[in-house]
Each structure stands twice: as C-alpha cells, then as structure tokens.
2 protein chains.
Amino acid sequence: MNVTGHTRRPASIRDVATAAGVSYQTVSRVINGHPSVRPSTRERVLAAIDELGFRRNATALALASGRSRAVTVLTANTTHYGYASILQGIEEAARAASYAVGIGVLESADDAAVAAEVQRAADAGGGLIVIAYDPAGVRALGAVPAGLPVVGVVETPASPPAGESPWVWADDREAAYQATRHLLALGHETVHYVAIPSSTRRTSARTSGWRQALKEAGAPEPRPVQGSWGPAGGHAAGLKLARDPSVTAILCGNDDLALGVLRALHEAGRPVPGEVSVAGFDDAPHSAFLTPSLTTVRLDFTGLGRAAFGLLHRALEESAPVAPHPVSVPELVVRESSGPPPAGH
Amino acid sequence: MNVTGHTRRPASIRDVATAAGVSYQTVSRVINGHPSVRPSTRERVLAAIDELGFRRNATALALASGRSRAVTVLTANTTHYGYASILQGIEEAARAASYAVGIGVLESADDAAVAAEVQRAADAGGGLIVIAYDPAGVRALGAVPAGLPVVGVVETPASPPAGESPWVWADDREAAYQATRHLLALGHETVHYVAIPSSTRRTSARTSGWRQALKEAGAPEPRPVQGSWGPAGGHAAGLKLARDPSVTAILCGNDDLALGVLRALHEAGRPVPGEVSVAGFDDAPHSAFLTPSLTTVRLDFTGLGRAAFGLLHRALEESAPVAPHPVSVPELVVRESSGPPPAGH
DNA sequence: GCGCCTTGTGTGACCGGTCACATTCATGCG
DNA sequence: CGCATGAATGTGACCGGTCACACAAGGCGC
C-alpha cells in the first residue's frame, strides 16, 4: 500500500510493469485475464498492482478501446417520483455491471435545447437511455443520431413492435384499464380522467386504457381534462370537475395530480369517497398516508429502469446477459379514496 | 454538413487539419481560441470544422489535458425530494458550465460498500459532490482520498468553519428554530420533535435549532422521537405521540415524516390543528395540497445544489467565478396544520 | 533432427487530443 | 543593415491504456 502522505500521480501499467519486472503488455494481459500468462508471472504482477494501488484509468481505457462502460440518462425533472425511481433502477443495474451513470436534464422541450442536450450526452460516450414519457423526452429520443446505442423508456406502444426494439415500457394501458374497471365495478356510471401531458400528439396509453374500459362497459366517455404533472394542475382540474354534480369517479394520470384533485374536492365540500371516488397512478410513497389514502396502480419503475439498462448493456456488449430484468405487471392497490357512488347515482 | 447516411468514425482534429490544409496543432489553436492564428486561417479551419461536423472528443481531451469537466454526485436515494432537488440544482449549474454530471447511489452505509462507491466515483475523473445528510453520505465524505477535489452538502455545522471550507449548507438550524418559535408563539407549552436519522452520532442541526428555541422560551424539552426518512417512520412516531394527551405541537424533520404523523393523528382521532399542530420541513411540492395543508419551512435545495457546483467549479478551475450561487435563507410557510392549542392547555 | 504449432512475452503503432519546443517570416530598432 | 522580437505555424513526444504483430522457447510428429 502507498503510505506516503502527499498525493502522487496514480500508478500506470508501466509503473506496475517495471515494479514486477515485466513489460506493460504483460500487465495488460493480467488485468484482462488473458490465459497465456505464466502463473508465477501473474502472481508477481498482481503483487505489484496491489503494492502500488494501481487502478485502471477509465479515461485511457475508453480512448484506447472505444468502449466506455458508461450510460447517460436523459430525463426531464429528476424530482418527479416516477422519473427518480426509474433513474434509481438504472443506477442500480449499472452499478452491478460496473458502468458509470451520467445524467442530463431536459429543461425545455424546445428543439434546439433538446438537440444540445442530446449532443452533450453523445459527447460523454457510451450508451444513452432516454426517458420519453413527455414531449421533451420523445423529442430527445427522436434527435439521437443514428449509430449511437440508445434505449427509450416509453409509454405502452399502440401495437407491440415486431422483433427487437430498443424500448422498454410498463403496461400503462393495462394499468389504466384496471383502475377504470375497478371504479366501474363499484357502480359508477362513468369515470372522468385527468390526464398527464401527453408525450405525443396522439392519445396516450393511459388514456386509451381508460377509454377501452369505458367502451367495454358501455359507459359514456367524458372528455379528458388536461392536467400538468404536479399537484397544482390536479387542483385546477379538480375544481372544475367538482362543480359538476354528475361526476362521481375520477382517474388521475399520476398520484400528484390525484393529490391536487383530492384537495380541490375537499375545498368544494365534496367528500371522498362518499360522493366522489378518486384513483391515482404510480403508487408514490406518500399515497398510502394521505387522508383518505389513495387508491392507485403501482408501477414497477425501478424494474423498468433495470430493464432499460439491461437492454442497453446487451446492445453495448455481446457478452451481456440477454433479458435479465423482468418488469412486473401493474398492480391495482385499493385504498380509502374509492368506494361506491352515493345513492341516487 | 455530413449528409452521407451511414455512420462513419467521427472527424478528428487531423481530419479537420487536412481538410483545411493546416496542421493539427493549428486546429487545436482555433478550437481553444488561441490568439496567434491568422484570421484567414481561422476562417478556413472553422469552415472545415463545420463541414465535417467535428466535435472535440471529450475522452481524449480528458486524457491528454488531465482536466475532465465532469462532476460525480454521490447520494443516497435519489427518490427523496430534497436530494432530488439538490441534484437538479447541481445539474443545472453544471450544464451552464458545460460539465458532465455523473451519479453514484450509496445504497448501504456499510463501510466497504461506501468505499467502493467512492472509488468508482474517483475513477470517473473530475470532481466530487457528496450529499452528506445521512450516515452513508457522511461516511463517503470521510472516505474521499486526499487530493481529489470534493464538495460536501452538509448539515449546518456547529460552528462556522474558519476560512474556506469545501462545504455548503442550508441553515437548517435557523429553520428549525423558526418553526419551533412559530409553534410556541401560537401558545403551545412545548413542541415535540420527530427527527430524521442523524448524519452523525452528535445532535443534528435541526435538533439543535429546535432545542435552542425551547430553551429560550423556557419550555420543557421532550425527548426527540427517532423517525426514519419516509412517511412510514412518521406514522409510527405519530401513533406513539398521539397516545400522549399532553402533546399539542409536533415538529417533523421533513415533510414526509409530517405526512405520516398527520395520518397517525387522524387514525387516533386527534384533529389537526384543533388538538395538535404539526409542522414539517422542506416544503415538498405536495405539502401545500394536503388536508390540512402543511405548515413547513422551505429550503432552497436547488440553490444549494448550484452553490455546491459553484464551489467545486472554482476548486477545479482557477478561472471559474468565485461565489456565483447564493443560497436563500429558509422561509417559514404557515398553512393549515398549525394553530393555537386547544383550550385548557 | 527438422519443421511446426503452441505458449509466453515483448515491441511498435494507435486512440484523439495537449504540451513544449522548433522553425519561418515579417517587423522594429539601434 | 544586422539582429532581436514576436506572430504564425509545424513537429515530436506524451497521456495511459489497447491492439496487431514479432519473436523466443518448448513439445510433438514424422
């Protein structure tokens, strides 16, 4: 071990080589587990490595070999629970594979800004994971130059892509379908929907799952209310819906929106679940502790993150395991915020 | 512009050089804005750069120059609001300075695990920012090898460090002090405290601010209740406190804990703020929308993150601005969850 | 006993930049 | 007019690894 106090330049393979009395190439072979090295030689090299505290320089490795064992995650807003959990899952899997994780935040959905961010990520080397649940993310996914390995974390696609695709997703559509059916089964005539900003112009997967459940039940399909991501958007949407006495069940695009809706209903004097039932989406950690506690659909975000990394890992290295990270199916969690409609409905 | 479809090796400075009819060194000079390049030459080089779509290879730059324009953030749990916001602030400032941001998650506070994570971060090159609000973070900060530039985001230190220190902090102590005074001013006899896990064995800054306010008011000092980070911990602590009828005011180490406490009080049939007042810490986005909405202290987490980056930037580059990122002082936000104690107290 | 293949090891070039120094040419000044 | 000076540019080495290839020694078949 290096015991001298002052910082010195870290040992390189040539330092190790002279210390062990071999050439730098032999050291390289030992590091990389090349078979044809005499055991006694390997021994000496390993001893020298240990003594000098040698660590392979990641930068030099990346430059010389071309592979960089790094992933950059492009995402809007790391503050949001779902995004943060996906990131957590990616990091976890990356750590296990000893990959470095970089992050880039898409602050604006503006084309130029997105392109700049993608460029930065590309400069970092290695692979790319884009969280494409929102317009900025979708645009970023589209702006990735061909040839750069990339995996997108996307909404449930309308039709399952043929063959291998560089995407992972949780089954949002199924989740929305389940939540809507739950509310309908309680006896509600229909279910209103407060949407998260759609990632594309087209209808989001969550919206289409909701719609499908309504259609199957022969329930009327009210116009979805457009919310933002945060509770404030839910609050605004909730105030609007609270004014309509026919509204008895509301599905929200995520738990934060649901929180705002709950608050708005409270302010409007409409008891939950007595008069109105509310269901969220994501099962954020606080949702179980709200009053009333929130009925919601749990999504396996960290699993999604792990799967995204797994797919990218496979794209970057032939030798990586093929499908190591299953994503669990969405699970409806029934709590206090949903119940039968009031009598007379 | 490169219009050929298939991916080719990105252009290097030598490619640019031949295209412009100069040497690679001249290209390097142009890139780095060296003054002694004839304007006409610079012109030609810039044209070649543009035509070939040249971008400077970050890896090669890092290897050759030693500086890497990268920061790695070491943190526990990116899911927690405060941590995520700090990360967001760091990323924002880093982006502005065109630094790459890497993250490493401290999943366990185990010494070996922490050391491994610090090593990984060191291997990534560049500077390090450690979020040291919890035991894992504090241990990581301690394990950083000398000579590696590092900034810690820490709790308010007991005494202001002399001279320049590699730490940034929000004034937690002052914040806790303010919140406690607010509750005392409402007429409560004393204020109970549900603590977040302390970063060290010693008393945390938040605890000491609370204690100081009690002492100044001559209020009795109840034993702090140890919570965890999440709402579940707050819930457990809240159930305990709810059983004690003398408890009329509770300060919580963060908003998630407060949420759990609110829920526990609700389950125990103790109205808030009618019988018990609750205050949180952090002003998470959902706190304003709870019922009752939560009185809390807002901390400038993103500002903290920006300041941390600013300090590190300065440590890495002589030329960086000295103190560009002020951290705003904590601000008490009074909402529905705090009020006067019930009559008879 | 010779050639041939395999095993173990070393040498030189290279990845894409930067840095230190050399070189050329025009200019200013004594 | 000669020489020092500085602007503009080029050359070679280097950062710390990897890769392709050369080469010596030993075992084996014929």
Side-chain angles (χ1 to χ4, degrees), chain A residues 8-46 48-49 52-70 98 100 122-126 316-317 319, chain B residues 8-46 48-49 52-70 98 100 122-126 316-317 319:
Chain A
R8 39 146 60 85
R9 186 173 51 74
S12 75
I13 54 167
R14 326 221 174 206
D15 299 329
V16 174
T18 32
V22 296
S23 78
Y24 53 82
Q25 180 61 305
T26 300
V27 176
S28 174
R29 283 195 258 265
V30 170
I31 300 173
N32 295 298
H34 188 98
S36 53
V37 174
R38 189 173 317 187
S40 65
T41 311
R42 182 192 315 278
E43 207 65 20
R44 266 185 310 157
V45 171
L46 287 175
I49 285 177
L52 298 177
F54 167 80
R55 304 211 95 215
R56 194 223 240 94
N57 180 319
T59 305
L61 174 62
L63 180 59
S65 69
R67 350 180 186 99
S68 64
R69 299 188 81 74
S98 47
D123 287 350
L316 292 170
E317 292 180 49
S319 62
Chain B
R8 38 145 60 85
R9 185 171 52 74
S12 74
I13 54 167
R14 325 220 176 208
D15 299 330
V16 174
T18 31
V22 296
S23 78
Y24 53 82
Q25 180 61 307
T26 300
V27 176
S28 175
R29 289 196 180 91
V30 170
I31 300 173
N32 295 299
H34 189 97
S36 54
V37 173
R38 187 174 318 182
S40 65
T41 311
R42 181 191 317 278
E43 208 63 21
R44 264 184 311 156
V45 171
L46 287 175
I49 285 178
L52 297 178
F54 168 81
R55 306 211 94 213
R56 194 222 240 95
N57 180 320
T59 305
L61 174 62
L63 180 60
S65 69
R67 350 181 188 99
S68 64
R69 299 187 82 72
S98 46
D123 287 351
L316 291 170
E317 291 180 49
S319 61

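Keep in mind it's a predicted model, so treat the numbers as computed, not measured. Each chain gets a letter, A, B and so on, in the order the sequences are listed, and its residues count up from 1.
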Between side-chain atoms of residues 35-45 of chain B and protein atoms elsewhere (two or more places apart, or another chain), which donor-acceptor pairs fall under 3.5 Å?
unit_1, atom_1, unit_2, atom_2, d
B:S36, OG, B:H34, NE2, 3.1
B:R42, NH2, B:V37, O, 3.4
B:R44, NH1, B:A20, O, 3.1

To the nearest Å, give me how far apart [atom1] ([X]) and [atom2] ([N]) are.
X	N	atom1	atom2	value
A:I13	C:dC15	CD1	P	17 Å
B:E43	D:dT9	CD	P	13 Å
B:R69	C:dG17	CZ	P	16 Å
A:F54	D:dG16	CZ	C1'	8 Å
B:N57	C:dG16	CG	P	7 Å

Respond yes when some side-chain nitrogen or oxygen of [X] is under 4.0 Å from OP1 or OP2 of [N], and no when none is.
X	N	result
B:S28	C:dT18	yes
B:R67	C:dC19	yes
A:R9	D:dC15	no
A:N32	D:dT18	yes

* Measure from the side-chain N and O atoms of B:T18 to the backbone N and O of B:R14, and report whether any donor-acceptor pair falls under 3.5 Å. => yes
Just the atom pairs and distances: protein N or O near nucleotides 7-10 of chain C's N or O, under 3.5 Å.
unit_1, atom_1, unit_2, atom_2, d
C:dG8, O3', A:R38, NH2, 3.4
C:dT9, OP1, A:T41, OG1, 2.7
C:dT9, OP2, A:R38, N, 2.8
C:dT9, OP2, A:T41, OG1, 3.4
C:dG10, OP2, A:S23, N, 2.8
C:dG10, OP2, A:S23, OG, 3.0
C:dG10, OP2, A:T26, OG1, 2.6
C:dG10, N7, A:R29, NH2, 2.8

* Asked: With respect to the side chain of B:L61, which nucleotide from C:dG16, D:dT18, C:dT18 is positioned closest?
  -> C:dT18
* How is A:R56 classified with respect to the nucleic acid when contacts are heavy atoms under 4.0 Å: base, sugar-phosphate, or nothing? -> sugar-phosphate
* Structure fact -> For DNA chain D, the dot-bracket notation using Watson-Crick and G-U wobble pairs below 3.5 Å, [ ] for pseudoknot-type crossings and | for other-strand pairs, is ||||||||||||||||||||||||||||||
